[in-house]
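Remember, predicted model here, so these are calculated numbers, not experimental data.
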Amino acid sequence: MPELPEVETTLRGLKPWVVGARIKELVVYDRRLRWPIASDLPEILAKKTIRGLSRRAKYLLFDVGPGSLIVHLGMSGSLRILEAACAPSRWDPFDLVFAGSPGLCLRMRDPRRFGALLYTEDPATHPLIAPLGPEPLEPGFEGSYLHARARGRTLAIRDFLMNGHIVAGIGNIYAHEALFLAGIRPQRAAGRVSRAECDHLADAIVTVLTQAIAAGGTTLKDFRGSDGRPGYFSQELNVYGRTGAPCHRCQTPIRRRVSGARSSYYCPSCQR
DNA sequence: AAGTTGACCTGAGGGC
DNA sequence: TGCCCTCAGGTCAACT
């Protein structure tokens with residue numbers, strides 16, 4: 001579900017509530033996430049204070065110094081601040097309960113259980129974090145980098161962009177939206193994208209992600225920000241999920257094509 | 001090495 | 001109304 005903008009939306013909503021909060025306890029309702037929640041995690045977290053909250057790719061990092069909590073929302077996860085007394089549902093794997101009154105908690109919901117809750121002493125060297133590519137919204141992310149990494153590669157540019165080890169945080173929606181803005185077909189070999197097109201593509205990625213964050217992310221089905229509200233970027237999508245609908249730029253019907261196990265969307269006229 | 005496919009798991013929506 | 005099928009925002013591991 002959540003790509004970079006949805007995770008960033010979640011982070012911004014949570015920050016005022018969690019930074020500085022003292023942890024009373026971690027209550028685990030269902031350990032079965034992508035990796036089982038470690039049974040000693042409640043012990044590790046008890047009475048710690050959350051000193052900061054940051055994001056790396058689609059991972060949320062709660063600094064409980066020493067050490068950090070890594071949270072990934074998978075395909076269907078979301079995080080909300082609730083009164084701890086509010087009864088959890090069967091889709092809620094855990095509550096991070098805060099000290100103080102009224103008793104508040106950070107509750108995860110994840111019906112598909114592709115999410116994760118992990119603890120690490122040092123996020124920078126954690127095997128999930130260390131190999132990640134650059135953050136597209138940080139300075140220094142440029143077309144020259146994309147062009148260098150793509151050289152000689154035959155996989156589809158869509159799949160290249162979705163590889164977090166190349167660029168952090170881009171999933172199926174924003175890969176397609178950025179490729180539309182840059183005029184490049186999703187299935188073109190990455191190594192066949194010119195330097196000039198890579199410049200355009202890098203700009204398009206920044207534009208799309210920035211606009212999506214401003215809109216509170218994209219809700220297709222079940223994404224909710226930490227305040228429970230959906231994201232509105234779905235109204236601004238140019239190609240994703242718009243099979244047969246007229247291109248916003250030239251009116252040609254948007255085409256859908258299955259590549260790999262996932263759908264691809266593009267305008268056959270605007271994208272080459 | 002790079003590319004491709006399967007696996008994980010549940011819910012929603014469409015067709016009949 | 002209900003059953004069956006397909007599809008979904010991620011990404012690691014195991015193949016070719």
Between dT10(B), dA8(C), dC12(C), which one does the side chain of Tyr240(A) approach most closely?
dA8(C)
Within the structure, does a side-chain N or O atom of His165(A) lie under 4.0 Å from either OP1 or OP2 of dC12(C)?
yes
Given dC12(C), dT10(B), dG10(C), identify the nucleotide with an atom nearest to the side chain of Arg262(A).
dG10(C)
Arg113(A) has its side chain closest, among dT11(C), dA8(C), dT10(B), to dT10(B)
Regarding the side chain of Leu155(A), the nearest nucleotide among dC12(C), dA8(C), dT4(B) is dT4(B)
Phosphate OP1/OP2 of dG10(C): any His72(A) side-chain N/O under 4.0 Å:
no
Rounded to whole angstroms, how far apart are CG on Leu33(A) and C1' on dT11(C)?
15 Å
Cation-pi between Arg249(A) and Phe180(A): NZ/CZ under 6.0 Å from ring centre and within 45° of the ring axis?
yes
Sticking with atom P, work out how far dC9(B) lies from dA14(C), rounded to a whole angstrom.
16 Å
Looking only at the side chain of Arg90(A) (C-beta and beyond, no hydrogens), which of the listed nucleotides dG11(B), dG3(B), dA8(C) gets closest?
dG11(B)
Checking dA8(C), dG9(C), dC12(C) against the side chain of Glu3(A) (C-beta onward), the nearest is dG9(C)
Would you say Phe114(A) stacks on dG10(C), if stacking means ring centres under 5.5 Å apart and planes within less than 30 degrees?
yes
From CE of Met108(A) across to P of dC9(B) the rounded distance in Å is 15 Å
How many whole angstroms separate atom CD1 of Ile170(A) from atom C1' of dT11(C)?
15 Å
Of Asp159(A) and Trp91(A), whose nearest nucleotide on DNA chain B comes first from the 5' end?
Asp159(A)
For dT6(C) versus dG6(B), give the span between their P atoms, rounded off to a whole number of Å.
15 Å
Integer-rounded Å distance: dG11(B) C1' and Arg224(A) CZ:
14 Å
Rounded to the nearest Å, what distance is computed from the CD1 atom of residue Ile166(A) to the P atom of nucleotide dC12(C)?
13 Å
Take Ile213(A) and Leu4(A), measure what side-chain contact (heavy atoms from CB on, under 4.5 Å) needs, and give me the verdict at the end.
CA-CA 8 Å; Ile213(A) 290 169; Leu4(A) 187 155; 4.1 Å; yes
